[in-house]
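Any value given below was found using the heavy atoms of this structure, including those in side chains, with hydrogens, waters and symmetry copies removed. Order of listing sets the numbers, starting from 1, for every ligand and every atom in it. Everything quoted here is computed from the prediction, not taken from an experiment.
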Amino acid sequence: MCGIVGYIGKKDATPILLSSLKRLEYRGYDSCGVGVVAQKDGKIHSKKTQGKIQGLTDILKDKPMPTGFVGISHTRWATHGKPTKANAHPHADKTGKILIVHNGIIENYQEIKEALKAKGYPFVSETDSEVIAHLISSLDKGDLLEAVQKAIQKLNGSFALGVISSDHPDKLIAARLGSPLIIGVGCNENFIASDVPAILDRTRKIVYLRDGEVAELQKSSLKIFDFKGKQIKPKVHTVAFKLDAVQKEGFSHFMLKEIHEQPKVLSGMLSSRIKNKKVHLEGLSLTDKQLKGINHVFVVACGTAYHAGLVGKYVIEQLAGVPVSIDVSSEFRYRTPIINKKTLIVAVSQSGETADTLAAVREAKLKGCKVISICNVVGSSLARESHGVLYTHAGPEIGVASTKAYTAQLCMMYLLGLKLGVLKKKISKGRSESLIKDLKRVPSFLMMILKSKAKIRKIARANSHFGCFLFLGRNINFPSALEGALKLKEISYIPAEGYAAGEMKHGPIALIDEYRAVVCVTPEADTYEKMISNMQEIRARKGKIIAIATEGDTAIKQHANNIIYIPSTNKLLTPLVVALPLQLIAYYIAVERGNDVDQPRNLAKSVTVE
Ligand code: AGP
C-alpha cells in the first residue's frame, strides 16, 4: 500500500525523505515522488516518477531538488489510475502552492471533482487523491490547518494525509481516517510516516495518530486536534525495537532473515507467556469468568493470518471443546454471521491495519461481541479497537510474504487453546503441562530444520521449473498446505493450489501429470495412511512429489521423489514445524527464478484499503 513520509526541521528535507521512504519500500508500490518548499525562492518544487525510489534518486542526481526544510514524499500503490508519473504523488493544487500526499481511497472523489471542475479547477491525474489538493486550496483563507480541517469534513472514505504549502513553510499538516499514520518527535525536527521503520534511525519517540485526528507539526512543536478542532494532548510512546530489526543484517532478503528469526521469536513468546507451567495471556483483558462463559469463538483474518486462524480452529476445538467458526474478513462483513454476546471474536493480523479485518471487528462490536486481537504491530488500529490484544512481539516484519508473524500467530493460537481448555476443564493439568513442554521444544526443532536448509535449497532448485504446484495436507495440516501454496504463489508467481488431500479426487487430480509438482505435508498423523494413498494416486499419474515427513519415516521414500525431514513432534504441533520448510521451498524457488522476493509484484505488505 502507499507509503508516506514527511519532514519539518532544520535539515535539508529531500535526502531525509528519500532514505526514510526507502524503508517503506516493503509495503509495495509502483511509483513515487517527493516535494519541498524551497528555501531559495519560497516555492513548491516536486519530482515524481513511475517505478522505484532508486529511479527518483537518479533523477534528482541529475537535477537536484533545491534545499527545503519542510517536505513530503510518497510511494504509490495504484488504485485509481495507472502507475504513471502523472498519477504519482505529491499532487499540487491549481496555484501550485499546496502539495499533498495521500494514502487511502476517497469514495466521493468524482462528485467533488465535478464540483471543483465547474469552478475552474484543472485536473491533471486520474487519481482520487488530486481532489484533496484542490479542495484544500478552495477552502484556504490563510490558515492551512483550518483549510485541511474543512476539507476533510467533505471527504468520504479513508485517508492518511500529509500537506505542505509555500504560504506556510513553517508547517506540515497531517490527518488520519482509516489509514495508518504516525508522528515521529525529534529534537528541532518532526516527522510523519506510514510506519515506524521509516523513521526509526531518526527518532524512537512516536505518537500514533488516531482516526479522526489532525496534526500541525512545526520544527519544535506538535499540536493535535480532533476533526471538530478540539485540541488533544499527544501521547508519546518510545519504540522498543532496535534499528537492526529493520535491516537485513547480512541476509540476502528480509524474508530469509525473518525465516531465521522464528526460533527466537517463538522461544521469546513462550518464555514470556508461560510461567510456572501455566499460560498467562496479559492483554487479553477478559476475566477467567468471562472466558469460561464463551460458547463460540469466531476468527476473522485475511491471507496468511486466516491460515493461522484455521489452525486455531483445530487447536481450540480440540483443546477447549469450544466450536470455532472462521471467515476471511472480507466475507464476514458482508454476510450475516450468527454471533452474540457469548461469541468471542478473535481478529488475527500482523499489521493490525488490514481494512477488511478492521471492518469485521467494527461489525462484531456493533453486535455486542467481545473482540480480542492477535496482532504484531504495537499501537496499530486493530490493537486499539479490540477489547483485548495478544501481541505476538515478533518484531517488525518487512518481507511482504509473512513468515515469522505466521508462526507467532500459530503459537498464540496454541496458548489461547491451552488457556481456554484448562479454564473449561476440557484438558487436564497434566496434558496441558505436557503440551507446554512439547511447545517449548519447537524452537530447537526449527533450528534443526534451518541447519538442513542447503538440502531444501537443492530440492527447491530442482523443482523450480514446474509451471504448477499442488499442496496437499490433511486435518490440522490442511491449513499448512494452504499456507505453503500462498507463500509459493506470492513470491514465485507460479500457480499453486492448496487443498485438503481428501478433496484431491473431487477435482484437482485432473491437474496431475509429469509436468506438475505436488508438495505433500505428511508428518506423523492419524491421517498418515490416507496421505500415503493420495501420494500413490499422484505417482500413478506421474506427478512429482516433494514430501515433508517426520525424521525416521523411511517408508515414505518409495512414494516421494524428494523428502524434507522434520523432527518428530507432538502431532497437534506439526503446523508450527512444517511451516518453516514450506517457507524455504517458496523462498528458494523464487530466488532461483530471479524474483524480487521482498517486494513481489502487485502485492502490498498491509492492505489498508478494501
Ligand atoms: C502473507 O504472506 C500475505 N502477504 C498476506 O496474505 C497477509 O497475510 C494478509 O494481507 C493479512 O495481513 P495482516 O496479517 O497484516 O492483516
Open item on the list: Looking only at side-chain N and O atoms, does T392 offer a donor or acceptor that is under 3.5 Å from a partner on Y406?
Closed with: no
Give one line per pair: atom of ligand 1, protein atom, distance. Only N/O to N/O under 3.5 Å.
unit_1: ligand 1; atom_1: 2 (O); unit_2: T304; atom_2: OG1; d: 3.3
unit_1: ligand 1; atom_1: 2 (O); unit_2: S402; atom_2: N; d: 2.8
unit_1: ligand 1; atom_1: 2 (O); unit_2: K487; atom_2: NZ; d: 3.0
unit_1: ligand 1; atom_1: 2 (O); unit_2: E490; atom_2: OE1; d: 2.6
unit_1: ligand 1; atom_1: 2 (O); unit_2: E490; atom_2: OE2; d: 3.1
unit_1: ligand 1; atom_1: 4 (N); unit_2: V400; atom_2: O; d: 2.9
unit_1: ligand 1; atom_1: 4 (N); unit_2: E490; atom_2: OE2; d: 2.7
unit_1: ligand 1; atom_1: 6 (O); unit_2: T304; atom_2: N; d: 3.3
unit_1: ligand 1; atom_1: 8 (O); unit_2: T304; atom_2: N; d: 3.1
unit_1: ligand 1; atom_1: 14 (O); unit_2: Q350; atom_2: N; d: 2.7
unit_1: ligand 1; atom_1: 15 (O); unit_2: S349; atom_2: OG; d: 3.4
unit_1: ligand 1; atom_1: 15 (O); unit_2: S351; atom_2: N; d: 2.9
unit_1: ligand 1; atom_1: 15 (O); unit_2: S351; atom_2: OG; d: 2.6
unit_1: ligand 1; atom_1: 15 (O); unit_2: T354; atom_2: OG1; d: 3.4
unit_1: ligand 1; atom_1: 16 (O); unit_2: S349; atom_2: OG; d: 2.6
unit_1: ligand 1; atom_1: 16 (O); unit_2: T354; atom_2: OG1; d: 2.4

Task: Geometric cation-pi criterion, R76 with Y29: 6.0 Å, 45° - done: no
Open item on the list: Closer than 4.0 angstrom, basic N to acidic O: yes or no for R23 and D201?
Closed with: yes
TODO: For K264, look at atom NZ and say whether over 12 heavy atoms of other residues, nucleotides or ligands are found less than 6.0 Å away.
DONE: no
Task: Heavy-atom donor-acceptor pair, N595 side chain to I491 backbone, under 3.5 Å - done: yes
Could you list the donor-acceptor pairs under 3.5 angstrom formed by side chains in residues 363-374, with sequence neighbours left out?
unit_1: K365; atom_1: NZ; unit_2: E385; atom_2: O; d: 2.5
unit_1: S373; atom_1: OG; unit_2: S386; atom_2: OG; d: 3.0

